[in-house]
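Report on the following structure.
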Amino acid sequence: MFFMAKGSTTTRFVCQECGAVLPKWMGQCDICKAWNSVTEEVIQKEKTKSDVPSDFFKTIAIAESDDAIRHATPFSELNRVLGGGFVGGSVVLVGGPPGIGKSTLLLQILLNKIVGIENYIYFTAEESVAQIGIRAKRIGLLNNDLKIASTNSIEQIIASTEELDEKSIVVIDSIQTISTNIIQSSSGTISQVRYCTQELVDIAKKKNIIIVIVGHVTKDGAIAGPKTLEHMVDCVLYFEGDKSYDYRILRGSKNRFGATDEIGVFSMTGTGLEEVLNPSSAFLSDHDGNSVSGVAVFSGIEGTRPILSEIQALVSHTNLSVPRRASVGFDNNRLSMLVAVISNRCRLNFFNKDVYLNIAGGLRISEPAVDMAVVASIISAYLQKSLPLHAVFFGEVSLSGEIRQSNLAYSRMKEAQKLGFQKVFCSNKTDDFGKSDINLQIIKLRSVKQIFDMIKNSSA
Ligand code: TYD
Ligand code: MG
């Protein structure tokens, strides 16, 4: 409890789970029903008078709107996700679980030259300047223009950025560890994170500087993660991947100045992050992998770029009354659905079978076109017969067991051909495009049953 003079301050009760403001303290939030999530917060009440400057309203000339120039970074994978580079005056949120490499990525960006940027500033609240120095040495780059400050006060950060002009980039690492002294709750709470982000957004817009904010997310979303901030910033990037793999995927989930759904692929090495410029070959095992049962290659599209990936399935006997359906990198509900479709359309028993699915390399796929590769890998695992060698799959599977056509078939085939594949399995509705530079054997299938027959009757 805080006792403060009435008038200057006020208290309120805020749920740390959903952000609801409640009239009094309660053990369970009225809105989201979370337990023990309501905390008291003290807010300084300050009435400020707004005076409107004479140039309050502005007009935009068409020529001027191109002024939002792109500040390209040396990482083409990052530029791709950003839509060409950082936009002046924009706020970019980089989210991701701890230890994935957010600090490493941002430090690497700052240690290189960004087009049109002269002031490089890094605020760290998690590490000391010496620790950042160790990391910079490990990456092997030193940039004397980079200024580092170790602070957790948003007031200090705002005050020290007063002098900056539009040739500046500021990184805040991380939003969960900085706080304002206006709100008395500890750093990382929803109110603190929201307030600090709003301050940063204001300064970015006012001074036209680029601000990059790091945010941690936990798997259960227990702390105030970037989810609550997504609507406040211009661009949200997620840095994801399995820590035990080398590959790290930077995924755009919101971008006011470019396309979303683009991904950038990096790999974590002993000397920092490296770009993976040809991700298709990175996510595949060597082609001999195809002769193992339960492995199918999917020709997918991430953003505008085709990426091949390996889908691995395992079907094993179980005595559990409810057999397991577990997946890594793929939606579990969709897996259950596809197993039901196979079971029903091919008359296969799955009631005493566990089904596991894995997308190799730590990739996460949500495109429906992956269905056909998933189905093929599961049937292959079930029958313990390998799929045809050097083949890729793409096509959406409907509940009726039909295979529906997917978009961008030409790009998918082109990529498969580039990587030395010889066969492509797709929907019978796939367009016959007039382009003759595809030398693959194209096998068009109508239904899940046909995939089953194809695998069953193959010689492997
Ligand atoms: P870090 O960037 O601190 O992650 P985050 O800021 O997202 O919490 O570091 C991630 C991991 O990367 C850490 O476990 C150490 C490892 N790492 C390397 O493998 N090579 C390197 O060159 C660096 C700097 C870090
Ligand atoms: Mg970090």
Side-chain angles (χ1 to χ4, degrees), residues 73-75 77-78 81-82 91-112 114 120-143 146-154 157 169-179 187-188 192-193 196-197 200 211-227 229-230 233 235-253 263-276 282 361-364:
T73 72
F75 291 109
E77 290 291 293
L78 174 69
V81 180
L82 289 170
V91 181
V92 179
L93 178 66
V94 179
I100 199 75
K102 301 179 295 297
S103 305
T104 309
L105 176 71
L106 293 172
L107 187 62
Q108 262 178 279
I109 296 170
L110 293 183
L111 288 174
N112 282 287
I114 301 173
Y120 298 81
I121 299 184
Y122 189 106
F123 288 106
T124 173
E126 297 185 348
E127 288 151 309
S128 68
V129 176
Q131 283 166 328
I132 303 283
I134 295 171
R135 182 176 289 141
K137 283 207 189 82
R138 190 166 171 194
I139 296 167
L141 283 169
L142 292 172
N143 175 354
L146 174 61
K147 296 197 191 82
I148 307 172
S150 189
T151 176
N152 52 18
S153 148
I154 186 77
I157 293 176
I169 181 166
V170 173
V171 170
I172 316 285
D173 190 359
S174 67
I175 192 74
Q176 273 89 7
T177 47
I178 59 167
S179 56
S187 60
Q192 283 284 6
V193 168
C196 295
T197 309
L200 293 168
I211 297 192
V212 185
I213 302 174
V214 174
H216 296 296
V217 273
T218 55
K219 281 218 167 93
D220 54 350
I223 53 161
K227 285 278 173 212
L229 314 176
E230 288 192 355
V233 299
C235 181
V236 180
L237 308 180
Y238 275 96
F239 206 34
E240 55 186 37
D242 203 315
K243 257 187 280 173
S244 36
Y245 290 104
D246 289 340
Y247 295 113
R248 302 283 187 271
I249 317 274
L250 191 65
R251 195 182 284 275
S253 88
I263 66 166
V265 185
F266 294 86
S267 79
M268 182 62 94
T269 69
T271 52
L273 289 157
E274 257 171 37
E275 295 184 89
V276 178
L363 202 64
R364 190 165 55 81

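Whatever order the structure lists ligands and atoms in, that order sets their numbers, starting from 1. What's counted below: heavy atoms across the whole structure, side chains too, no hydrogens, waters or symmetry copies.
In this structure, atom 2 (O) of ligand 1 lies nearest to the protein heavy atom T104 OG1, 2.5 Å. Nearest protein neighbour of atom 6 (O) of ligand 1, counting heavy atoms only, is S103 OG, 2.6 Å. The protein non-hydrogen atom at the shortest distance from atom 22 (O) of ligand 1 is G272 N, 2.6 Å. The protein atom (non-hydrogen) at minimum distance from atom 12 (O) of ligand 1 is M268 CE, 3.1 Å.
Looking at R135 next to ligand 1, an N or O pair under 3.5 Å apart turns up. Residue E127 has no N or O atom closer than 3.5 Å to an N or O atom of ligand 1. Residue G270 has at least one N or O atom closer than 3.5 Å to an N or O atom of ligand 1.
Of all heavy-atom pairs between C196 and I175, the closest is CB-CD1, 3.9 Å. In plain terms, the two heavy atoms of P74 and N112 that are nearest each other are CG-CB, 3.2 Å. The minimum heavy-atom distance between E126 and S174, with the atom names listed, is OE2-OG, 2.8 Å.
A side chain to side chain contact (heavy atoms under 4.5 Å, CB included) with F266 is found for exactly one of I249, L250, V276, namely L250.
Between Y247 and L363 the shortest side-chain heavy-atom distance does not fall below 4.5 Å. Counting only heavy atoms from C-beta outward, the side chains of V233 and I211 never approach each other to under 4.5 Å. Looking at heavy atoms from C-beta onward, D173 lies out of side-chain contact with L106 at the 4.5 angstrom threshold. Side chains of F239 and L273 form a contact here, defined as non-hydrogen atoms less than 4.5 Å apart. Side-chain contact between M268 and T104: present, with at least one pair of heavy atoms (C-beta onward) separated by less than 4.5 Å. Under the 4.5 Å side-chain criterion, counting only non-hydrogen atoms from C-beta, L146 is in contact with L107.
Protein atoms of type N, O or S found under 2.8 Å from the Mg ion (ligand 2) total 1.
Of the listed residues (G99, G101, A136), the one carrying the non-hydrogen atom nearest atom 11 (C) of ligand 1 is G99.
The CG atom of L111 lies 10.0 Å from the OH atom of Y120; values are rounded to the nearest 0.5 Å.
Contact annotation: for T271 versus ligand 1, heavy atoms closer than 4.0 Å belong to the backbone alone. Contact annotation: for R138 versus ligand 1, heavy atoms closer than 4.0 Å belong to the side chain alone. Proximity of T269 to ligand 1, defined as any heavy-atom pair under 4.0 Å, is confined to the backbone N, CA, C and O atoms.
Residue P98 has at least one heavy-atom neighbour below 4.0 Å for each of these atoms of ligand 1: 8 (O).
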